[in-house]
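The sequence lines fix the lettering, A, B, ..., with proteins before strands; numbering per chain opens at 1. Hydrogens, waters and symmetry mates are skipped; everything else that's a heavy atom, side chains included, is used.
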2 protein chains.
Amino acid sequence: MAQAQRQPKFRRAPPEVRREALIDATLVCLRTHGHAGLSARRIGSLAGVSPGLITHHFPSLSALVAAAYESLAMSLLHSIEQHAREAKTTARERLRRFFRASFAPRLLEPGLFNAWLVFWSMMAHDARVRAVHNRTYVAYRAVLESMLGDLSGCGGIPPFKLRPAAIALAALLDGLWIEASMNARTFKPAEAVALCEDWINALSEGAFPSLLRSRSRSGGSRRFTRVSVRRG
Amino acid sequence: MAQAQRQPKFRRAPPEVRREALIDATLVCLRTHGHAGLSARRIGSLAGVSPGLITHHFPSLSALVAAAYESLAMSLLHSIEQHAREAKTTARERLRRFFRASFAPRLLEPGLFNAWLVFWSMMAHDARVRAVHNRTYVAYRAVLESMLGDLSGCGGIPPFKLRPAAIALAALLDGLWIEASMNARTFKPAEAVALCEDWINALSEGAFPSLLRSRSRSGGSRRFTRVSVRRG
DNA sequence: CCCACTGTTGAACGACTGTACAGCAGTATT
DNA sequence: AATACTGCTGTACAGTCGTTCAACAGTGGG
């Protein structure tokens, strides 16, 4: 029985592979333990590696966390975006798919929010994390701007300012995602999707005066055009 | 010169006073140091008190933080609400004042957001903090629902579902507040206010189909009534 | 003036933290 | 099979943390 097959105490790995493994372990740790997961020893043990290896492959623990932040944020964004662009349909339908993906169970897992809180908390003290936030938030908004631009290209929709529109939509999405993550009982994911679709609908109708490009500053009581909402 | 007036090493205070002083010190600590401020020694020294006193007046450090959370959240809400209700004007004007107060410099101080992150982080592990969040969020939404109800009472505005409307508006406000707190350069406070006012405008025009009470599910391309936006 | 009451102190405890670095041990090459 | 290279370990360091509790010392009543 007792084979006593002597296993090597560790296996070497090329730096790139090890870096990625550490990033993955960091994400798992932050998702499952929140702030308590932010520990070189915990992350190391989860990656099957000694704590000293972290500062060997990264300048510091917070640099590893920053790398994990960038990895997760970009991965999620691409995943949602691909899910949205998958179908060749109208801009409005792609937005709808984007919203649905944003409130899918995968995105509402409480652990994800806990990890996000750790990233946000570190922004105040760590320049690297702050830089990652700025990069990823700009990328996020760029995706929204692109989809809103497509929407704007369709006929019958009054021209609107893309940048502030994307900012508002991002805020609405974030606010809903945060509350849904903190308390799943407040509203159902489908309600969040409907509220975002409503926002797009109002935008299409020119019901957001401050977003209307040029045109009368009269407050928008008179809409730019009357449009058919369905099949925009 | 050297008067050598012997000061007493400490002064007794009634529990209620001491509790409040500790709460205040906690808030200052969390605002200025974020997560690093969450320390019995730091809070105690800021309150001019030994660390042991915290667990003497509170069941635990996290109970003190929960109390501080409730104190801050309710204080801010009442402050904003009073500022909004100060003037006897239309519902729309009160909402406008509410938005302006929400993005006043006092609310956008970065320290405030850092404190909030600490509270949110503790929700996952601490039932007390979670309970405070639920209470204060419900109170927040109740204020919004009340103002939206007043708005709905005005003539010429299609009836809408109060609760989901308040949820959406809260999400928009939170999302804008968070991004403004993290990166003050993304947009100006006035833009955030304008985006919230736009949302109210769209609501007043019935441009949010899923929020319309009963009525045709046709998508809302035809508004309930045409209303004058200014001086609603 | 002294006493009893009790708010308060501050040291002690055990456990935790990120980082540094001397040396061990896989691995590929010779 | 020996060697050089280097990824990796694991301990040491100097801190940090929340909580406990015996003892101290303000304070008001007698």
Side-chain angles (χ1 to χ4, degrees), chain A residues 5-23 25-26 29-30 32-68 118-119 121-122 124-129, chain B residues 5-26 29-30 32-68 118 121-122 124-129:
Chain A
Q5 188 165 13
R6 185 151 134 43
Q7 303 239 33
K9 298 180 101 168
F10 63 92
R11 299 225 300 214
R12 312 178 97 99
E16 200 47 45
V17 172
R18 196 61 91 182
R19 276 175 54 96
E20 198 164 343
L22 284 172
I23 286 176
T26 302
C29 234
L30 293 185
T32 53
H33 301 108
H35 251 92
L38 185 50
S39 146
R41 267 164 264 257
R42 234 182 284 265
I43 292 171
S45 96
L46 199 115
V49 133
S50 89
L53 201 64
I54 288 175
T55 45
H56 186 258
H57 284 291
F58 291 88
S60 68
L61 178 61
S62 38
L64 167 58
V65 176
V118 175
F119 300 142
S121 299
M122 292 178 66
H125 299 295
D126 193 295
R128 246 181 290 253
V129 175
Chain B
Q5 186 165 13
R6 185 151 133 45
Q7 302 240 33
K9 298 181 100 169
F10 64 90
R11 297 224 303 213
R12 309 179 99 97
E16 201 48 45
V17 171
R18 193 63 85 183
R19 276 177 53 97
E20 198 163 344
L22 284 172
I23 286 175
D24 290 347
T26 302
C29 235
L30 293 185
T32 53
H33 301 108
H35 251 93
L38 184 50
S39 146
R41 268 164 263 257
R42 234 181 284 262
I43 292 171
S45 97
L46 199 115
V49 133
S50 88
L53 201 63
I54 287 176
T55 45
H56 186 258
H57 284 291
F58 291 87
S60 67
L61 178 61
S62 37
L64 167 58
V65 177
V118 175
S121 299
M122 291 178 66
H125 299 294
D126 193 295
R128 246 182 289 254
V129 175

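A search for ring-ring contact (aromatic ring centres under 6.0 Å, His included) contacts involving A:H35 returns B:H35, not counting sequence neighbours. Taking the side chain to side chain contact (heavy atoms under 4.5 Å, CB included) definition, one finds that A:R12 meets it with A:F10, sequence neighbours left out. For the side chain to side chain contact (heavy atoms under 4.5 Å, CB included) test, residues two or more places apart in sequence or in another chain that qualify with B:A124 are A:N114. Take B:A25 and apply the side chain to side chain contact (heavy atoms under 4.5 Å, CB included) test, not counting sequence neighbours, and it matches B:I43, B:L46, B:A47.
Within residues 13-22 of chain B, the residues having any heavy atom closer than 4.0 Å to DNA chain C are, in order of number, B:A13, B:R18. Taking every heavy atom of residues 46-55 of chain A and every atom of DNA chain D, pairs under 4.0 Å involve A:V49, A:S50, A:G52, A:L53, by number. A heavy atom lying under 4.0 Å from DNA chain C marks the following residues of residues 36-43 of chain A, by number: A:L38, A:S39, A:A40, A:R41, A:R42.
Nearest heavy-atom pair across B:A67 and B:F58 is CB-CE2, 4.1 Å. Residues A:T26 and A:A68 approach most closely at CG2-CB, 4.0 Å, considering heavy atoms. Heavy-atom minimum distance, B:I54 versus B:G44: CD1-N, 4.2 Å. For A:R18 against A:R11, the heavy-atom pair with the smallest separation is NH2-O, 2.5 Å. Contact between B:R128 and B:P59 at its shortest, heavy atoms only, is NH1-CG, 4.0 Å. Taking each heavy atom of B:G52 and B:T55 in turn, the nearest pair found is O-OG1, 3.3 Å.
One interatomic measurement links the two molecules: CZ of B:F10 to C1' of D:dG26, which rounds to 5 Å at whole-angstrom precision. Residue B:M122 contributes atom CE, which lies 15 Å from atom P of D:dC17 at whole-angstrom precision. With rounding to whole Å, B:L64 atom CG is found 10 Å from D:dT19 atom P. Atom CG in A:L61 sits about 5 Å away from atom P in C:dG18, given to the nearest Å. Whole-Å rounding puts the B:H57 NE2 to D:dT19 C1' distance at 16 Å. Rounding to whole angstrom units, NE2 of residue A:H125 and C1' of C:dT17 are separated by 16 Å. In this structure, CZ of B:F58 is placed 18 Å from C1' of D:dT20, rounded to the nearest angstrom. Regarding A:R11, its CZ atom lies at a distance of 11 Å from the P atom of D:dC8, rounded to whole Å.
At a threshold of 4.0 angstrom between heavy atoms, the contacts of A:S62 with the nucleic acid are absent.
Applying the side chain to side chain donor-acceptor pair (under 3.5 Å) definition to pairs two or more places apart or across chains, those involving residues 56-68 of chain A are A:S60-A:S62, A:S62-A:D126.
If you take CG on A:L22 and SG on A:C29, they are separated by 11.0 Å, rounding to the nearest 0.5 Å.
A 4.5 Å side-chain heavy-atom check between A:L38 and A:L30 finds at least one atom pair inside the cut-off.
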So which protein N/O to nucleotides 2-4 of chain C N/O distances come out below 3.5 Å?
none

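Contact between the side-chain N/O atoms of B:H56 and the OP1/OP2 oxygens of D:dT19 is not found at any separation under 4.0 Å.
Of the listed nucleotides (D:dG26, D:dT19, C:dG26), D:dT19 has the atom at the smallest distance from the side chain of B:S60.
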